[in-house]
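So the structure is just underneath, and the comments pick up after that.
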2 protein chains.
Amino acid sequence: MSVKRASGGRTGRRPGASTTRQEILAAARTVFAAGGYEAATIRAIAAAAGVDPALVIRFYGSKECLFREAVGWPFDPAEAVARIVTGDPAGLGERLARFVVGAWEGEDGTAIVALIRAAGAHEEAARALGEFLTHGIVTPAAQALGSSDDVQRLALVSAQLLGVAFTRYVLRAGPLAEADADDLVAALAPGLQRLLAPDA
Amino acid sequence: MSVKRASGGRTGRRPGASTTRQEILAAARTVFAAGGYEAATIRAIAAAAGVDPALVIRFYGSKECLFREAVGWPFDPAEAVARIVTGDPAGLGERLARFVVGAWEGEDGTAIVALIRAAGAHEEAARALGEFLTHGIVTPAAQALGSSDDVQRLALVSAQLLGVAFTRYVLRAGPLAEADADDLVAALAPGLQRLLAPDA
């Protein structure tokens, strides 16, 4: 559990603090896996790691951020949602498609595909990714769009993107795998737009 | 490779014929994986299995059927496509959603989810499933709909269904996992309809 220490990318942090961070992360994975995202509390995670809850908050900021790090999701979904929601509602599908395809094709893509593969292979990884997509992305996105009563449409958006990522980066077959990034954005945008803003 | 013999479910076939069938299937998997669906020929598969091409046709009927058996896909997609395409074009999305959700929730679901999981774990299984979805389902469906110039839309249909299956049966989280079969059909149908028949 010493990935971050070994990478040595961040300086000025004592090894002790780094170890504690990793222990909190390991405890968070256990607690999230045991009862799911909703039931997990900072207090329970702190207890499992044998540290004070305030330290968990100091290191990770919030349950949302801790969950993202525990799952290994590469970008902050709250920031992404805020950026995509801002602007002309008629451009929602296009902005989401451009953001997601950019993430897939950039540095974050490897991490996302690895999470999908792991979910296919391990029950615990599947549970973590499923909880994260639901509570870390779909629910906040529905709230930001003011359509929290229709989380199902947002779940279809998530499923559409998951399926395209699986087809393009795991199966690597057919027109969705052969399309360049711009073509893929153009193909995805209209369907996403109708799911995100059926009335816009 | 003696799965069918061991199961003993079919009678009246000599063990020799059953072994040969399995040898042809194994040869087909190798040839399809090596060069993909388009490049594979019955002649090459027969040569790899050390049998006459006529025997391959006698056992499996066609390259399409052999491919389906080699991949382990549980139903005949040509038959399914014909059934879904027949009828009011305005009901295409609903008919597809009902057929697919029925397959998932019925006996065929286990096989389909196993294929998705295997594709996430093994390069060769991913290639086989990718080729099958493209050449065994998406392309014939586009032809049946008379929209073979727009295979990309059909690939988005395939990706949407793949993503929903992954969310519901692998991740098992969120509204798509919690919905009953009828709710899932109702949620899927409108988006599928727009992809299948944008002008209907």
Side-chain angles (χ1 to χ4, degrees), chain A residues 36-37 113-123 125-135 137-139 142 150-179 183-184 186-188 190-195 198, chain B residues 36-37 113-123 125-135 137-139 142 150-179 183-184 186-188 190-195 198:
Chain A
Y37 177 79
V113 174
L115 287 172
I116 295 172
R117 282 186 190 279
H122 306 289
E123 192 70 31
R127 189 179 167 90
L129 181 60
E131 287 278 311
F132 179 73
L133 292 177
T134 304
H135 299 289
I137 300 190
V138 166
T139 307
D150 199 357
V151 177
Q152 197 178 54
R153 274 194 292 109
L154 276 293
L156 283 172
V157 169
S158 162
Q160 173 74 82
L161 295 173
L162 183 57
V164 172
F166 200 90
T167 304
R168 184 172 170 93
Y169 302 104
V170 177
L171 304 183
R172 296 186 207 160
L176 300 177
E178 290 152 15
D183 285 345
L184 191 62
L188 277 168
L192 296 179
Q193 176 65 29
R194 280 186 296 256
L195 287 168
Chain B
Y37 177 80
V113 174
L115 287 171
I116 295 172
R117 283 186 189 277
H122 306 288
E123 192 69 32
R127 188 180 167 89
L129 182 60
E131 288 278 312
F132 179 73
L133 292 177
T134 303
H135 299 289
I137 300 189
V138 166
T139 307
D150 201 357
V151 177
Q152 198 179 52
R153 274 193 294 108
L154 277 292
L156 283 171
V157 169
S158 162
Q160 174 73 82
L161 295 172
L162 183 57
V164 172
F166 199 91
T167 304
R168 184 171 171 93
Y169 302 103
V170 178
L171 303 184
R172 295 185 209 163
L176 300 178
E178 289 152 16
D183 285 345
L184 191 62
L188 277 168
L192 296 179
Q193 176 66 27
R194 280 186 298 256
L195 288 168

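Chain identifiers are assigned alphabetically (A, B, ...) following the order of the sequence lines, protein sequences preceding nucleic acid strands; residue numbering begins at 1 within each chain.
In this structure the side chain of Tyr37(A) never reaches within 4.5 angstrom of the side chain of Phe132(A), judged on heavy atoms. Taking 4.5 Å as the limit, every side-chain heavy atom of Val157(B) sits out of range of all side-chain heavy atoms of Gln160(B). Side chains of Val151(B) and Thr134(B) form no contact here, defined as non-hydrogen atoms less than 4.5 Å apart.
Looking at Val170(A), both its backbone and its side chain come within 4.5 Å of chain B, counting heavy atoms on both sides. Neither the backbone nor the side chain of Ala177(A) comes within contact range of chain B; no heavy atom of the residue lies under 4.5 Å from a heavy atom of that chain. Both the backbone and the side chain of Ile116(A) have a heavy atom closer than 4.5 Å to some heavy atom of chain B.
Partners of Glu123(A) according to the salt bridge (charged side-chain N to carboxylate O under 4.0 Å, His left out) rule, which considers only residues two or more places apart in sequence or in another chain, are Arg172(B). Under the ring-ring contact (aromatic ring centres under 6.0 Å, His included) criterion, Tyr169(B) pairs with Trp104(B), not counting sequence neighbours.
Interface summary for chain B: among Gly120(A), Pro190(A), Gly174(A), the most heavy-atom pairs under 4.5 angstrom belong to Gly120(A). When Val164(B), Leu156(B), Leu129(B), Thr167(B) are compared by the number of non-hydrogen pairs under 4.5 Å with chain A, Leu156(B) comes out ahead. In terms of heavy-atom pairs under 4.5 Å with chain B, the best-connected choice from Leu161(A), Leu176(A), Leu133(A), Leu195(A) is Leu176(A). The choice from Ala125(A), Gly163(A), Ala119(A) that makes the most heavy-atom pairs within less than 4.5 Å of chain B is Gly163(A).
Of the possible polar contacts, one joining the Arg168(A) side chain to the Ala179(A) backbone as a donor-acceptor pair under 3.5 Å is found.
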